[in-house]
Amino acid sequence: MTDFTFETTPKIISRAGATGEIGSILAATGARHVALITDASVRALGLTEAAEASIAATGLACTVFTNIKPDPPEELVSDAVDACEGADAVAAVGGGSALDVAKVVALRLGGDQPLDEMYGVGNAIGPRVPLVLAPTTAGTGSEVTPISILTRPGNLKMGIVAPALFPDVALLDANLTLGLPQDQTAATGVDAMVHAIEAYTTKLKKNPVSDALAKEALRLLAGNIERVCDAPADVEARQAMLLGSCLAGMAFANAPCAGVHALAYPLGGHFKVPHGLSNALILPDVLAFNTPVAGAMYDQLAPIVFGPGIGLEKGFRALAPRIGLPTTLREVGVSHNHLPMMAADAMKQTRLLVNNPREITENDALAIYTAAL
């Protein structure tokens with residue numbers, strides 16, 4: 001038996017309507033002033049109403065910060081900290097960008113460590129203020145990971161990875177995902193499936209707990225992704241997707257992601273392609289590249305995802321058009337001339353590349369991008 005360590009968010013509440021408990025959860029910590037991190041569109045859709053009502057009902061002060069952007073630039077953290085001065089607790093309702101910013105804001109409100117010192121693995125040390133996260137997409141798993149991804153100058157996406165970023169409570173509330181557009185539902189669902197696949201095949205920290213979580217995550221996600229795309233108001237399917245995304249997040253928080261994410265990041269950084277779609281576009285060709293080394297593990301997962309007789313690569317190539325996703329890099333504005341720059345940038349994602357089951361060189365990355373074009 002391989003030695004391993006497993007860490008995750010200490011409390012997970014999976015229930016439609018659970019966002020209405022944010023106020024009481026934070027009041028129980030002794031907090032007096034909550035910084036609520038979200039984005040303007042999420043608030044405009046009314047998705048923060050239950051959280052705001054809950055906070056108000058407990059008598060807590062609340063400052064709402066809505067200036068969240070996709071692939072959040074690091075200056076948003078400073079903006080949010082300045083806007084929420086005096087807050088002694090943080091809640092977030094939103095997608096991965098809002099949750100990632102909220103984690104670092106909670107650290108900055110709780111201590112004085114400079115942001116520049118936090119990047120990398122194990123460098124963010126806290127302390128932080130109490131933190132509750134409620135995702136509005138079934139994709140990132142950010143509510144159960146100790147990871148925050150920010151965009152630094154030069155469109156370079158970098159990670160802050162440390163146990164201090166685990167929230168105190170994750171709320172899985174299907175009501176928050178009911179209004180999610182079909183393309184975002186599809187892309188974030190595939191993103192969660194990528195998390196599970198990469199956790200199961202990761203090179204350095206694969207372990208029995210993450211393996212079990214990854215398999216169950218894939219069962220839930222594969223069994224419901226087409227259902228939620230076809231019937232977006234299906235609360236049961238939405239809740240299953242949220243749980244699948246959460247389990248995949250727990251898996252890759254301990255058995256880290258790899259080549260798909262490394263090659264997807266330049267798409268987000270340079271072309272503003274949403275993270276889930278970036279992963280979906282890159283996935284089949286990374287699977288093809290990894291198969292000589294990881295094929296046996298892929299064969300163990302494929303029946304869970306697509307049933308007997310359909311391999312992962314073939315299955316995902318067929319799934320994307322069924323759920324309305326583009327299938328080539330050209331469709332998101334990438335040309336052949338961009339590929340060398342992207343390959344060079346992908347090589348900077350050493351935190352991820354070291355976990356890939358097969359080594360990816362810059363020439364390999366270029367070949368994968370070319371195949372995906």
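It should be emphasised that the depicted structure is a prediction, and the values quoted were computed from it without experimental measurement.
Residue V235 is found in a hydrophobic cluster whose other members, listed by chain and number, are L178; membership requires side-chain heavy atoms under 4.5 Å apart, directly or through intermediates. With a 4.5 Å cut-off between side-chain heavy atoms of Ile, Leu, Val, Met, Phe, Trp and Tyr, the cluster of L204 takes in V354.
At least one side-chain heavy atom of V334 sits under 4.5 Å from a side-chain heavy atom of M342. For the pair I12 and C246, the minimum side-chain heavy-atom distance is below 4.5 Å. Taking 4.5 Å as the limit, every side-chain heavy atom of V105 sits out of range of all side-chain heavy atoms of C84. At a threshold of 4.5 Å between non-hydrogen side-chain atoms, the residues R152 and D116 count as touching. Looking at I37 and V90, their side chains come closer than 4.5 Å, going by heavy atoms from C-beta outward. E74 has its side chain within reach of L115: a pair of non-hydrogen atoms, C-beta onward, lies under 4.5 Å apart. A heavy-atom distance below 4.5 Å is not found between the side chains of N175 and T19. Residues L301 and K215 form a side-chain contact, since some pair of their non-hydrogen atoms from C-beta on lies under 4.5 Å apart.
Atoms CG and CZ, from L352 and F252 in turn, are 9.5 Å apart once rounded to the nearest 0.5 Å. Here the CD1-NZ distance, from I149 to K103, works out to 8.5 Å after rounding to the nearest 0.5 Å. Atom CG of L26 is separated from atom CG of D168 by 8.5 Å, given to the nearest 0.5 angstrom. Atom SG of C257 and atom CG of N279 lie 7.5 Å apart (nearest 0.5 Å). Taken to the nearest 0.5 Å, the CG atom of L218 stands 10.0 Å off from the CG atom of L247. Atom CG in L242 sits 13.5 Å away from atom CZ in R15 (nearest 0.5 Å).
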Step by step, would you call H338 with Y369 a ring pair (Phe, Tyr, Trp, His ring centres under 6.0 Å)? CA-CA 10 Å; H338 295 125; Y369 284 136; over 10 Å; no

For T328 and L373: C-alpha separation, side-chain torsions, deciding distance, then whether side-chain contact (heavy atoms from CB on, under 4.5 Å) applies. CA-CA 5 Å; T328 68; L373 193 60; over 6 Å; no

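Using a 3.5 Å distance cut-off with no hydrogens or angles, the side chains of S14 and Q239 do pair a donor with an acceptor. Counting only N and O atoms by type, the side chains of D71 and T151 include no donor and acceptor under 3.5 Å apart. For the residue pair Q349/H261, the side-chain donor-acceptor check at 3.5 Å is not satisfied. In this model, no donor atom of one side chain and acceptor atom of the other lie less than 3.5 Å apart for T361 and N363. Looking only at atom types and distance, the side chain of D191 has no donor-acceptor partner in the side chain of T188 under 3.5 Å away.
Hydrophobic clustering, with ILVMFWY side chains joined whenever heavy atoms are under 4.5 angstrom apart, keeps I225 apart from L243. When the side chains of ILVMFWY residues are joined at heavy-atom separations under 4.5 Å, either directly or via intervening members, V129 and L171 end up in two distinct hydrophobic clusters. The same ILVMFWY cluster, assembled from side-chain heavy atoms under 4.5 Å apart, contains both L267 and M193. Side-chain heavy atoms closer than 4.5 Å link hydrophobic residues (I, L, V, M, F, W, Y) into clusters, and following such links, possibly through other members, connects V260 to I197. Linking ILVMFWY residues whenever their side-chain heavy atoms come closer than 4.5 Å, directly or via other members, leaves I68 and I147 in distinct clusters.
Residue pairs that meet the side chain to side chain donor-acceptor pair (under 3.5 Å) test with at least one member in residues 75-94, sequence neighbours left out, do not exist here.
Nearest heavy-atom pair, T29 versus P130, reported as atom, atom and distance to 0.1 Å: OG1-CG, 3.7 Å. Minimum interatomic distance between Y119 and I160 (heavy atoms only, all atoms of both residues): CD2-CG1, 3.7 Å. Residues Y200 and A214 share a closest heavy-atom pair of CB-CB, 4.2 Å. The nearest pair of heavy atoms linking D173 to G17 is OD1-N, 2.7 Å. Minimum heavy-atom separation, A124 to A164: O-CB, 4.1 Å. In plain terms, the two heavy atoms of V305 and A222 that are nearest each other are O-CB, 3.5 Å.
K272 NZ: more than 12 foreign heavy atoms inside a 6.0 Å radius. The local environment of CD in E236 is sparse, with at most 12 non-hydrogen atoms from other residues, nucleotides or ligands closer than 6.0 Å. Applying the 6.0 Å contact sphere to CZ of R322 captures more than 12 heavy atoms from other residues, nucleotides or ligands.
Salt-bridge formation is not detected for the pair D345/K157: no Lys NZ or Arg NE/NH1/NH2 atom is positioned less than 4.0 Å from an Asp or Glu carboxylate oxygen. The pair D234-R227 counts as a salt bridge, with a side-chain nitrogen and a carboxylate oxygen less than 4.0 angstrom apart.
Ring geometry, H275 versus Y265: the interplanar angle falls from 30° to 60°, so the pair is classed tilted.
Remark: H270 engages no residue in a ring pair (Phe, Tyr, Trp, His ring centres under 6.0 Å) (not counting sequence neighbours).
The backbone N or O of P232 sits less than 3.5 Å from a side-chain atom of R238, completing a donor-acceptor pair. Under a 3.5 Å cut-off, the side chain of E7 and the backbone N or O of P163 do not form any donor-acceptor pair.
When each of N207, T202, T5 is paired with N254, the side chain to side chain contact (heavy atoms under 4.5 Å, CB included) condition holds for N207 and for no other.
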Give the table of side-chain donor-acceptor pairs shorter than 3.5 Å for residues 42-55, with sequence neighbours excluded, one pair per line with atom names and distance.
residue: R43; atom: NE; partner: E52; partner atom: OE2; Å: 3.0
residue: R43; atom: NH2; partner: E52; partner atom: OE1; Å: 2.9
residue: T48; atom: OG1; partner: E52; partner atom: OE2; Å: 2.7
residue: S54; atom: OG; partner: G20; partner atom: O; Å: 2.9
residue: S54; atom: OG; partner: G23; partner atom: N; Å: 2.7

Determine all donor-acceptor pairs shorter than 3.5 Å in which one atom belongs to a side chain in residues 280-296; sequence neighbours excluded.
residue: D285; atom: OD1; partner: R317; partner atom: NH2; Å: 2.8
residue: N290; atom: OD1; partner: N356; partner atom: ND2; Å: 2.8
residue: N290; atom: ND2; partner: Y298; partner atom: OH; Å: 3.2
residue: N290; atom: ND2; partner: N356; partner atom: OD1; Å: 3.4
residue: T291; atom: OG1; partner: L287; partner atom: O; Å: 2.6

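Geometrically, K205 does not engage F4 in a cation-pi contact, judged by NZ or CZ lying under 6.0 Å from the ring centre and within 45° of the ring axis.
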